[in-house]
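In what follows, a structure is listed as C-alpha cells, so that the remarks can point back to it.
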Amino acid sequence: MKAIQILFTCAAITCAAGTASARDVTIAGWGGNYQDAQREAYFNVFAQKTGLKPIETTYLGGLAEIKAMADTGNVTWDFVIAGGNELQLGCDEGLFEKLDWQAIGTDGLLPEAVQPCGSGNVVIGNGFAYNTEAFPQAPQDWKDFFDREKFPGKRGARNTPVMNLEFALLGDGVAPDKLYEVLGTPEGVDRAFAQWDKIKDLLQYWESGSQPVEWLATNNVALSTTYNGRIIMAKREGKPLEFVWKNHLVNMDVWAVIANSPYKQYATEFFKTINDPANQAKFSSLMPYGPSNTKAAALLPPDIQKDLPTGDNIKDAAFMSDAFWVDHMDELTERWNRWSTQ
Amino acid sequence: MSATIRNPNAGRLAAVILLVLPLAVYTLLYLVPIGSMISLSIDNGELGRSLQHFSTSDASDPDARAAALLADMQEMNGRQQAESARALNQEMPGFRSLFINTARKAGEVSPDMNGLIGFDERWADPRYWKILDNNAGTLTSRHFRRATGLDFDEHGKLGAYGDDIYLQVMMRTLVIAVQVTLVTLVIGYPLAYAVANGSRGFANFVLVSILLSFWTSILVRTTAWVILLQTSGLVNTTLMALGIIDEPLQLIFNRFGTIVSMTHVLLPFAIIPMMNVMLTIPKSQADASRVLGAGPVETFIRIYFPQTLRGVMVGGSTVSILALGFYITPALTGGPGDQMLSYYIAEFIKKSLNWGMASALSVMLLATVLVLVGAAGALNWAASRKRETA
C-alpha cells in the first residue's frame with residue numbers, strides 16, 4: 001500500500017515537473033488564518049465550480065517573484081493577493097493580466113475595488129491597539145498614541161514610512177481628508193517625522209503581523225500599530241486587547257492574475273467567486289476584515305459588523321493613497337531608514 | 001610505440017585537462033553570476049535603450065528636446081514606459097507619475113516645450129530635464145552614486161553631496177563583523193583548548209555539543225534566542241526571580257541580541273580550525289618548557305599560544321567574512337540600528353524592485369570582502385617572510 005502511494009507521488013512529481021500547464025492552478029495568499037478563511041469562503045467554491053484542484057502557496061509581499069516569473073517565462077503562480085501599490089506598479093509593467101470587467105461585473109463593488117489589473121477584495125483597518133489591563137483610562141485617538149506622559153510605555157510600529165507618516169500627521173491634528181495634501185509637501189514630511197521624534201526612544205519595530213498581538217498580550221509594549229483583524233481574532237480567543245476605532249487608515253488587498261498564467265481563462269470565474277456578496281460575507285464572518293462588495297454588509301450580523309473597518313467604523317477613517325506611495329516610496333523609505341537607525 | 005616517442009607527455013596532458021575541467025566549469029558557473037551582478041549595477045535598463053531620439057537631439061533647443069522626448073515616449077510600449085518611469089523616480093520622487101501620465105498621452109501633446117508645460121507644468125522645472133540628460137545612455141552611475149553618497153553638483157563636479165546612509169551601513173556591517181569575531185574567538189579559544197587537551201570523555205561531550213548546534217538550522221537557533229532573551233523570556237524571568245534585577249532588561253532587538261545570536265551561529269567556524277591546530281601541538285612541549293623552568297602561565301604565553309595563532313587567524317577570518325553577509329539573524333534579533341548591508345540588499349530586491357541598486361550594494365560588499373581577504377593575505381605573507389629572515 002505504502003509502496004503504491006510512493007509510486008503515485010513520484011509519478012505526480014514527474015508530471016508536475018514535465019510541463020508548466022500540467023501543474024495545478026496555484027493561488028498565493030498571505031498565509032495564516034487569513035488564508036484559511038479565504039480557502040473556506042472562496043477557494044473551495046472556486047474548486048467546486050471549475051473542477052480544478054487549487055494548490056496554495058504563501059506570498060510575502062513585493063514584486064520580486066512575480067517579476068522573475070515574467071522575465072523567465074516560468075509562471076508558477078496563477079492568482080495572487082497583493083497590496084495596492086504593488087498592483088499598480090506591476091500592472092503598469094505588465095506583470096499582471098488586464099481584467100475583463102464586463103465579463104466579471106461590478107455590481108455592488110466599491111469604486112476603489114475596480115482596477116485595471118485587479119479586484120479589491122479585502123478592506124483592512126490599520127490603526128493601533130492596547131492591552132485593556134495596562135491603563136485605567138483607554139487611549140482614544142492618535143494623539144494619545146504619541147502622548148508619552150498620558151500613556152507611558154513602549155510602542156510597537158512597523159519599520160516603514162508607509163502609513164506611519166500618515167498616523168503621525170493624524171496624531172498632529174491633520175484632518176483625514178487632508179493627509180496627502182500635507183504629506184506631499186516637504187514641511188508636511190518634516191512634521192510627520194517630528195511627531196515620531198517624540199516617542200522614538202520608545203519604539204520597538206515589528207516585522208510580521210503576529211508580533212504586535214504577542215507583544216501587547218505579554219505587556220512587552222503598551223501600544224502598537226496593527227491590523228484590526230489580528231486584534232479582533234485575539235480578542236475572540238480571550239486576550240485582553242482592544243483596537244482603537246478612531247481615524248484608522250483603510251487599504252485594500254487586491255486579487256490579480258499573473259501575466260501569461262496558463263489558467264487565465266478561469267479568471268472570470270475566480271473573480272465572480274471572490275466578489276460574490278454571500279462568499280464575501282462568509283469571509284468577513286471568519287476573518288474580521290471588511291468586504292469590498294457593499295451588498296455583503298447586509299448579510300452580516302451587527303456583532304460581526306462592529307469589528308469591521310467598513311460600516312459605521314469607516315465614517316472618520318482615511319483612505320490610504322497607493323498613488324502617493326508609488327511615487328514617494330523610494331525617497332521616504334530612505335529617509336525613514338536613516339531616521340530610524342540614528 | 002612510435003606515438004610515445006613523438007610525444008611522451010600526451011597522456012599526461014589529457015589527464016591534466018580532464019582533472020582541471022571540473023574546476024574550470026565550476027569557476028565559470030561561479031563567475032558568471034558575479035559578472036551579471038556587476039553589469040546589472042551599471043545597466044540603465046529600458047530607460048537607456050528607449051531615449052534614442054532624446055539622446056541625439058540638440059541640447060540647446062528646448063522645443064527639439066521636447067519633441068524628441070515625446071517621440072521616444074510614443075515608440076515605447078506600456079511596459080517600457082513603466083520601467084523607464086520607475087527608474088526616473090529613483091532620481092526624483094514624483095517623476096514616475098509625471099513620465100507615465102505624459103507618455104500615455106504622448107500622441108495628443110503638441111511636440112514642443114509649451115505643449116509639455118501645458119500638459120503638466122512640472123515640465124518647466126529644469127531638474128527633470130537634467131535627470132533625463134544624465135540618464136540618456138545605456139550605462140548609468142545612478143546606483144553607485146546613491147550607494148556611496150557621491151553626486152554631481154550643478155556644474156557636473158563629483159563630490160559628497162548625497163546621502164551616505166549606505167556607507168554608514170557598510171561601516172556598521174564591518175563593526176558588527178569585528179565585534180562578533182572578537183567575542184567568538186574569546187569564547188571559542190577555551191572551548192577548542194578543552195577539546196584538544198581535555199580528557200577523552202569531556203572532549204567528546206564538548207565536540208558533540210558544538211556539532212549539534214552546528215547541524216541545527218540557523219533559523220531555529222535564532223528563534224531560540226528570541227524566546228530566551230525577550231522581555232518575558234527565560235533569562236529575564238530567572239534574573240527577576242533571583243532578585244538580581246527589578247524590571248526586565250532589554251536583551252533583544254538591539255546590538256546585544258544581535259551579537260549574542262550571531263556569535264552562537266558562528267562559534268563552530270572558529271572552534272574547529274583552532275582545535276585542529278591545537279591537536280597538532282605535542283603535549284611534550286609543555287613538559288619540556290616546565291623542565292626548563294617556565295611556569296604554566298609563561299609556558300602558555302611563550303610556547304603554546306604563538307603556535308595556535310594560525311588557527312586563530314583561520315577561525316577569525318572565516319567568522320568575520322561569514323558575518324559580513326549575515327541577514328536573517330540580525331533581522332530577527334536586532335533593532336533598526338543593527339541591520340547589516342544584506343538587509344538593505346534584500347529590501348531593494350524584494351520591496352522596491354530596484355535590482356540595480358541591490359547589485360551596486362552587493363558589489364560594494366564583495367569589494368569590501370576582497371579588500372579584507374587581500375589584507376589578511378598580505379599580513380600572512382609579511383609574517384611568513386619575517387619568520388624566514390629571522
Side-chain angles (χ1 to χ4, degrees), chain A residues 60-68 70-71 83 85-86 88-95 98 116 154 156-160 162 184 186 189 200 203-208 211 214-215 217-221 259 323-342, chain B residues 46 77-101 103-104 146 162-166 168-169 172 226 230-233 236 248 250 252-254 331-332 334-339 343-344 346-355 357-358:
Chain A
L60 296 169
L63 287 169
E65 297 107 321
I66 299 167
K67 173 121 174 95
D71 284 356
N85 50 2
E86 275 128 2
Q88 195 164 338
L89 266 177
C91 185
D92 288 341
E93 299 195 10
L95 305 183
K98 294 262 190 297
K154 281 193 291 184
R158 240 180 109 196
N159 193 11
T160 163
V162 183
V189 176
K200 188 174 175 184
L203 288 179
Q204 182 168 314
Y205 295 108
W206 53 269
E207 285 274 336
S208 95
Q211 281 170 316
E214 287 161 28
W215 291 352
T218 54
N219 280 317
N220 211 320
V221 297
F324 176 85
W325 281 110
V326 169
D327 266 1
H328 294 274
M329 183 70 102
D330 278 359
E331 173 212 18
L332 293 177
T333 304
E334 208 148 274
R335 177 154 175 191
W336 176 274
N337 284 342
R338 194 184 180 77
W339 174 86
S340 73
T341 58
Q342 267 168 358
Chain B
E46 281 303 337
N77 63 29
R79 188 184 56 80
Q80 288 168 326
Q81 288 173 353
E83 283 188 19
S84 304
R86 179 158 54 80
L88 289 168
N89 205 61
Q90 290 160 9
E91 296 260 26
M92 179 140 166
F95 210 154
R96 182 182 191 280
S97 56
L98 174 63
F99 190 88
I100 219 161
N101 292 341
R104 280 178 185 158
R146 193 164 157 207
D163 196 334
D164 62 346
I165 175 171
Y166 299 108
Q168 290 181 16
V169 172
R172 181 199 300 159
V226 178
Q230 63 188 344
T231 315
S232 52
N236 265 319
Q250 184 68 37
I252 200 144
F253 309 126
N254 56 16
L332 288 173
D338 310 308
Q339 298 310 322
Y343 174 87
Y344 296 90
E347 284 251 317
F348 277 113
I349 291 178
K350 291 190 301 188
K351 298 219 176 115
S352 33
L353 211 60
N354 188 349
W355 295 356
M357 189 62 195

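First the proteins, then the strands, lettered A, B, ... as listed; each starts at 1.
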Nearest atoms (heavy-atom pairs only) where B:Ile349 meets A:Ala64:
O-CB, 3.4 Å

In terms of heavy-atom pairs under 4.5 Å with chain A, the winner among B:Gln80, B:Arg96, B:Arg79 is B:Arg96

Under a plain distance cut-off of 3.5 Å, with no hydrogens placed, do B:Tyr166 and A:Glu334 share a side-chain donor-acceptor pair?
yes

Chain A heavy atoms under 4.5 Å from B:Tyr343: which part of the residue, side chain, backbone, both or neither?
side chain

Heavy-atom proximity to chain B below 4.5 Å, by part of A:Leu89
both

Need one label for A:Asn219: side chain, backbone, both or neither, based on atoms under 4.5 Å from any heavy atom in chain B.
neither

Using ring pair (Phe, Tyr, Trp, His ring centres under 6.0 Å), reason through A:Trp215 and B:Phe253 one step at a time and then give a plain yes or no.
CA-CA 13 Å; A:Trp215 291 352; B:Phe253 309 126; 5.5 Å; yes

Please evaluate residues A:Met329 and B:Lys351 with respect to the criterion side chain to side chain contact (heavy atoms under 4.5 Å, CB included), reporting the C-alpha separation (whole Å), side-chain torsions for both, the decisive distance (0.1 Å), and the verdict.
CA-CA 10 Å; A:Met329 183 70 102; B:Lys351 298 219 176 115; over 6 Å; no

Please round to the nearest 0.5 Å and tell me the distance separating atom CG of B:Asn89 and atom CG of A:Asp327.
5.0 Å

Separation of B:Asp164 CG from A:Arg338 CZ (nearest 0.5 Å):
5.5 Å

A side-chain contact here means heavy atoms from C-beta on lying under 4.5 Å apart; do B:Thr231 and A:Lys154 qualify?
yes

Given side chains that start at C-beta, do those of B:Asn254 and A:Gln204 come closer than 4.5 Å, heavy atoms only?
no

In plain terms, say whether A:Asp330 and B:Arg86 are close enough for a salt bridge, that is, a side-chain N and a carboxylate O under 4.0 Å apart.
no

Which atoms of B:Leu332 come close to chain A, meaning under 4.5 Å heavy atom to heavy atom: side chain ones, backbone ones, both, or neither?
neither

When rounded to the nearest 0.5 angstrom, what is the spacing between CD in B:Gln339 and OG in A:Ser340?
9.0 Å

Atom OG1 of A:Thr333 and atom CD of B:Glu347: how far apart are they, to the nearest 0.5 Å?
7.5 Å

Which portion of A:Glu93 sits near chain B, non-hydrogen atoms under 4.5 angstrom:
both

For the atom pair OH (B:Tyr344) and CG (A:Asn337), what is the distance rounded to the nearest 0.5 Å?
5.0 Å

Taking salt bridge (Lys or Arg N to Asp or Glu O under 4.0 Å) as the definition, give me every residue that meets it alongside A:Glu214, ordered by chain and number, with sequence neighbours left out.
none

Check whether B:Gln168 gets within reach of chain A through its side chain, its backbone, both or neither, counting any heavy atom under 4.5 Å.
side chain

Quick check on B:Gln81 against chain A: is it the side chain, the backbone, both or neither that has a heavy atom closer than 4.5 Å?
neither

If you take all heavy atoms of B:Trp355 and A:Ala68, which pair is closest and at what distance?
CH2-N, 4.2 Å

With only heavy atoms counted, which part of B:Leu353 is less than 4.5 Å from chain A, the side chain, the backbone, both or neither?
side chain

Honestly, the part of B:Asn236 sitting under 4.5 Å from a heavy atom of chain A is neither

